[in-house]
Amino acid sequence: MNRPKIFSAFLSIILLTIFLGCAATQKQEGTGEYVDDTVITAKVKSAIMGDNSLKVTEINVETFKGVVQLSGFVSSQSDINKATELARGINGVKSVKNDMRLK
């Protein structure tokens, strides 16, 4: 008799749990944000590796919620500037943190 109501309530609880489990917090990305950040990271790496003026392979790229962090070692300040400029030019990048160091 009350089975449809119980089933409906149970289904609602399950769906609510699923949606909350995929939600983002300040320190944890949601599923969609993780995918977006992965795409941004790949695009930044590709731009850096594809630029002929940069002769670097020691730049690490990480992205969290659209904020790109560049780290590693480069030969000159112009390499730092160029890598930062390339990262900022990628669609979806909110800001760039520069943690690169000169060799």
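The shown structure was predicted, so the numbers you read here are calculated from the model rather than taken from an experiment.
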Heavy-atom pair of closest approach, residues Ala83 and Ile59:
CB-CD1, 3.9 Å

Contacts of Asn91 meeting side chain to side chain donor-acceptor pair (under 3.5 Å) (sequence neighbours excluded), chain-then-number -> none

Sequence-distant partners of Ser76, side chain to side chain donor-acceptor pair (under 3.5 Å), two or more places apart:
Ser78

Which pair of non-hydrogen atoms, one from Gly66 and one from Ile40, has the smallest distance, and what is that distance?
CA-CD1, 4.3 Å

Do Val74 and Leu54 have side-chain heavy atoms sitting under 4.5 Å apart?
no

Please step through side-chain contact (heavy atoms from CB on, under 4.5 Å) for the pair Leu70 and Val61, ending with a clear verdict.
CA-CA 5 Å; Leu70 301 175; Val61 181; 3.7 Å; yes

State which residue, out of Leu86, Thr84, Asp79, fulfils the side-chain contact (heavy atoms from CB on, under 4.5 Å) condition with Lys82.
Leu86

For Glu58, check salt bridge (Lys or Arg N to Asp or Glu O under 4.0 Å) against everything at least two apart and list the hits.
Lys103

Find out whether Asp99 and Asn60 are in side-chain contact, i.e. whether some heavy atom of one side chain is under 4.5 Å from a heavy atom of the other.
no

For residues 40-51, pull every pair meeting side-chain hydrogen bond (donor to acceptor under 3.5 Å, both in side chains), keeping only residues two or more places apart or in separate chains.
Thr41-Thr63, Asp51-Ser53

How would you list, by chain and number, every residue that makes a side chain to side chain donor-acceptor pair (under 3.5 Å) with Asn98, sequence neighbours excluded?
none

Could you tell me which residues satisfy side-chain contact (heavy atoms from CB on, under 4.5 Å) with Arg101, sequence neighbours excluded, listed by chain and number?
Phe73

